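Taking it in order: structure first as structure tokens, then the write-up.
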Amino acid sequence: MRRSAAIRRSLSLLLAALLLFVFLACRARAPARNRADEKELPHIILWAWERPENLEFIDPRRFGVAFLAQTLVLSGEEVVFNPRRQPLKVAPQTKLIAVTRIESQKTTGKRASLSPGQRQRLVTLILKTRELPNVLAIQIDFDVVTSEREFYRALLGDLRSQLPDEVPLSMTALASFCVGDRWVSGLPVDEAVPMIFRMGTDDQPIKNLLAGGNDFKEPLCRKSYGIALDEPLQMKFVDSRRLYVFNVRPWTLKDLESLPERIQK
Amino acid sequence: MRVLRATIAFVLALVIAINFVPQARACGPSSIEPIFVFKESPDPPFADYTQGKIGIVQPSHGRKTLFIAYRYLNDGGFTAGEQQALVDALNGKAPEDEGNEAVKEWIAARKEIGLNEEKAPEIYTERRFGGYEFFPNCSRNAFEVATETLKQRAATYGAEDQRVRSWLEAQDTVFQNCVGGAHTPVELGPESPAWLRKDRDYQIAAAYFYSLNFDEACKRFEKIALDNESAWQQTADYLVARTLVRQASLTTKEATKREVYEQAECRLELLSLRSAKFRDASKKLLALVRYRVHPEQRVRELAQTLTTRNANENLRQDLIDYVWLLDKIEEQVGREEKKRKEALKPAEQKEGSTPSFESTASSEMYQAIQRGELIRLTIYPKFADGRPDYRNAPTVTFKYDVTESDVLRAFEEKLGRKLTTEEVNDGKAMYAMAESERNSLVSPNHKWSMSDSSQHEGCYFDCKALALDLLPDCLRADELSDWIFTFQSQDENSYRHAAEKWRETDSVVWLMAALTKAEKASPGLDRLLGRAEAVQRDSPAFPTIAYHLVRLKIAFGKTAEARKMLDQIISSQFELLPVSAQNQFIEQRFQLAANLSEFLKFGARKPVAFYDEGQIGKLSELFDRSKQSWDAELSDETKEEYEQRIDDQYKDLLPWDNRRTFDQQTVDLFNWHFPLDALVTASHDPALPRYLQRRLVLAAWTRAILLKNETVAQRIAPDVLKLAPEMSSVFNRYLDAGTPSEKENAALYVLLKFPDLSPLVAGGLPTFGTAEQSDYYFETSWWCPLSTTEYSFEGKEVPKIVSRPGFLTDEQLQAAQHERTALIAIGDGKSYLGKQVLRWAGALPDDPLVPEALFIAVKANESYKYGCGGWNSDEETRQKAEALLRERYSRSSWTAKLGAPEDN
């Protein structure tokens with residue numbers, strides 16, 4: 001009797017192990033949640049960067065705005081806080097994404113300490129952008145060097161754990177992060193927006209890849225696109241993906257009207 | 001039973017291990033790039049430049065850099081203090097820190113008086129203004145004064161004194177206004193001591209200032225300024241002016257802004273005369289006001305100060321303000337010019353917020369909407385899964401007084417069906433918004449209220465292309481500004497203007513400007529050249545003038561004279577020049593190489609610095625910084641492991657701080673026009689240091705192998721061994737091989753084992769290791785076919801043209817062309833080697849080296865981002881090599897190393 005009970009216990013354990021295996025194996029393939037869709041953010045998001053912008057003319061059902069709320073510079077042990085200085089005008093119904101740009105070695109030329117204290121300070125300042133009116137989501141724009149990747153990963157983890165569950169957390173990503181070099185895999189974000197512009201040495205390889213009908217390999221990068229108005233792309237856009245658009249000049253109505261032509265190539 | 005439990009435990013552990021082992025992260029190519037010439041700034045460190053080592057002054061230099069050059073060119077200089085200020089300005093260091101240190105000291109001072117609080121208040125110095133923008137509200141000085149006052153009061157009355165605590169509480173209230181809100185300390189009655197009441201009055205006035213109630217702040221500061229018994233009397237007097245300035249800066253109405261600034265200006269002019277304590281502060285603030293209100297006058301004042309004043313304690317701020325004003329005024333001119341040109345265009349070509357229309361009807365409809373006569377609504381039908389169908393969204397135009405129900409009915413007619421509940425709700429929201437938009441359009445205040453000015457430094461427009469004549473008089477009236485704009489301008493009239501100014505003044509700055517812009521056909525060139533030839537070697541202008549004299553001599557075909565001049569420069573105190581200037585002269589001399597020795601002597605240059613992921617510096621500096629970056633929390637390695645890895649990474653690189661290397665121009669010439677024989681000859685030239693001979697020898701041997709020129713390959717094999725002894729264990733097998741077939745396979749094995757081998761000469765920093773050392777990760781290994789096209793500055797693909805060195809014979813050039821064609825036909829190195837391995841395996845299946853070769857062939861032909869065609873790879877060769885390895889050599893350790901089939 002005791003022996004059969006022991007065997008039953010052992011077999012139960014084995015079954016649990018197998019189930020665990022199946023669960024974990026399937027984990028990677030389960031469709032990831034996208035809070036940006038849950039929040040019904042518009043299909044097209046205009047990036048409003050470091051210049052005065054009056055976007056009261058946009059249709060808030062079709063267009064959202066991701067505005068540069070602040071730039072945080074990692075300098076040694078410090079986090080230098082540079083809030084937005086240029087006016088932004090939007091209609092009250094416009095849905096907004098507060099973008100925090102983080103700059104460090106690539107901009108300052110000096111390594112930052114990347115300490116836990118510095119990370120916590122970043123989290124505090126980023127969370128504060130939610131206090132701005134109509135902000136529904138957070139986006140981080142951080143062009144990390146290799147040695148900063150783990151720090152960034154930890155920062156995103158901290159942010160995700162301290163944001164309310166329903167608040168989308170987005171990040172921009174170099175297009176190269178979305179193909180061969182896929183270090184963004186598994187990051188706790190709702191999307192990694194591949195920036196298919198100003199790609200430097202990656203420009204031709206990536207544009208050729210996309211023009212050939214290929215897609216980004218990284219699933220997080222398959223939820224949106226980041227394009228620039230002044231860099232035409234020869235590629236097929238997947239309709240369901242959100243489109244972030246950058247403009248080198250202040251936005252005008254004509255810019256918006258030219259968008260469908262660019263997207264439908 | 002025990003075995004069963006152990007098995008289950010093992011399975012559980014395995015499951016957990018498989019799913020939680022982190023993914024291997026692939027490494028990308030090295031990113032350290034040499035910089036030979038700094039084009040926009042002086043060579044780092046900037047101290048040499050600020051001490052007068054100005055080298056070749058370039059139009060691409062920034063305006064701060066040009067100002068420094070201008071002073072030295074006019075026989076001026078800077079004190080040690082000014083030089084440091086200039087270095088800070090060039091480094092972009094702000095004149096004042098952000099206030100962080102002052103805030104920290106304030107918090108520390110609070111703690112020192114022994115407050116029993118769980119957490120110090122969070123202090124932010126920036127306040128939101130308008131919708132989403134901030135401005136710096138509480139300055140460093142505010143915290144410094146507060147800290148000093150707190151310490152004084154605590155020292156006088158005791159830290160525990162309730163009055164001191166009350167003072168602190170009030171000050172905390174003041175600082176709450178830094179970030180937002182309107183918090184005012186409580187007024188005190190006659191029962192409080194005078195000192196506390198006076199302090200409180202001041203704190204209350206400050207609270208109104210920081211909460212943007214400027215009228216109240218002004219009134220209160222005025223009252224304190226009249227109180228002879230207040231310790232804050234003089235400060236308050238100054239703060240009235242500061243309040244006016246702050247008020248003006250935040251006012252959006254231009255007329256009011258100007259009026260308040262002018263009030264502030266008057267007040268500050270008086271203060272700067274009568275207040276000893278605030279004289280300097282008043283002058284600085286007055287400068288800011290003049291900058292805002294009289295920018296054209298201010299820019300002239302600053303130019304005057306910068307060119308004439310010595311030992312200027314305010315040099316950094318003056319220079320920053322000056323350059324900022326130049327940029328802003330120029331940008332304004334550019335914007336107006338753009339508008340003017342836009343206005344001249346036909347309607348359909350105009351940019352701006354008015355869209356182009358396909359027809360008159362479209363244009364009329366748009367105008368009617370703008371007038372509020374019509375509204376235009378779009379509804380987005382949904383797919384079954386709820387996603388909006390943007391492609392089939394109908395749009396309907398209505399008269400402005402249409403009812404909501406009529407709108408919904410119209411869309412149902414358009415869609416030919418009833419709207420869903422969600423679509424009805426969307427339609428109602430859309431209707432409400434259209435109404436709101438129409439109301440806004442017909443409102444009397446509807447217009448763009450955004451100021452045209454941008455706070456962004458620099459110019460949004462192509463300002464260097466602005467015609468000089470468009471610049472206002474204030475920018476041309478003083479020589480410094482006139483010279484800077486002329487020197488940087490791409491306007492074709494800039495030469496004429498510079499030459500005229502030179503004839504007027506006979507000054508070296510204008511001589512230099514004119515010469516920089518001169519071309520062969522420039523009028524009056526002879527006289528200019530004659531004068532330029534007379535400039536002495538010790539003149540700060542000499543490097544720039546000499547550079548352009550050489551340029552023009554070359555343009556005129558006077559190559560012998562140019563060569564002679566350059567040889568004189570290079571042979572005499574050359575090392576005293578900045579490295580960028582040295583490299584620019586060497587590049588000119590390289591263009592004039594008359595034979596192979598000269599080509600080699602001047603074809604390699606020493607980098608000024610290196611660039612690595614945003615960092616610029618010597619390799620030793622990059623190494624030191626890398627060593628210091630170990631992070632206990634984030635690193636998988638111990639500190640020792642990390643430091644060892646960095647040591648290994650930089651071991652072979654550090655010597656290159658003091659070595660020359662080939663730049664892209666030189667490398668192109670080797671690879672396009674040097675046939676194999678010439679490459680071998682070059683590799684023996686004594687003009688070349690050993691470490692560069694090595695590059696040529698390895699490229700030559702590889703090329704000889706690929707082109708099946710065994711004679712040359714054998715001839716230079718001893719040189720390979722001599723210059724790359726680390727290859728000997730593998731290379732000797734090639735030397736010992738007997739038959740041609742054995743030699744061929746042995747050479748192939750050498751190529752496989754050393755993936756940095758290539759028939760093409762490489763520039764920059766070398767990478768050379770074994771396949772094992774690279775962990776069989778071959779992203780940028782071997783070679784890619786030489787590209788016959790390149791991308792122009794505008795991003796267009798154009799044929800690549802590499803000019804021919806004059807000293808190579810026609811036969812040599814022809815031979816090079818044949819070899820180039822043959823190498824292009826060989827194609828991508830990884831694919832070629834993979835196919836060669838398959839041939840080898842087919843011919844000699846029992847050769848013990850074949851399994852390793854097949855393994856390398858598999859790994860080489862995986863898909864890599866930076867492969868020759870971006871992720872393109874020879875999948876067919878890879879599959880064949882893998883299949884052969886698994887089937888025929890299943891027990892080989894190389895097959896095991898390959899792992900399970902699905903892992904590849």
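Lettering follows sequence order; numbering is per chain, from 1. Note that this is a predicted model, so its numbers are computed, not measured.
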Proximal component of A:Glu78, with respect to chain B [non-hydrogen, under 4.5 Å]: side chain
B:Tyr124 side chain near A:Leu125 side chain, heavy-atom distance below 4.5 Å: yes
Whether over 12 other heavy atoms sit under 6.0 Å from A:Glu40 CD: no
Any donor-acceptor N/O pair, A:Arg85 side chain to B:Phe134 backbone, under 3.5 Å: yes
Approximate separation, where rounding is to 0.5 Å, of A:Arg84 CZ and B:Glu133 CD: 7.5 Å
Within-4.5 Å side-chain heavy-atom neighbours: B:Arg127 and A:Pro83: no
Validation row: B:Tyr132, A:Leu96 side chains within 4.5 angstrom (heavy atoms): yes
Minimum heavy-atom distance A:Pro133-B:Gly131, with the two atoms named: CD-O, 4.2 Å
Distance, nearest 0.5 Å, that separates CZ of A:Arg61 from CD1 of B:Ile379: 9.0 Å
Those residues that, when tested against A:Asp158, pass salt bridge (Lys or Arg N to Asp or Glu O under 4.0 Å) (two or more places apart): A:Arg119
For the student: nearest non-hydrogen atoms of A:Leu132 and B:Arg128, plus distance: CD2-CD, 3.2 Å
Beyond-backbone contact of A:Asn82 with B:Glu126, side-chain heavy atoms, under 4.5 angstrom: no
Chain B contact via A:Thr124 - which portion, at a heavy-atom distance below 4.5 Å: side chain
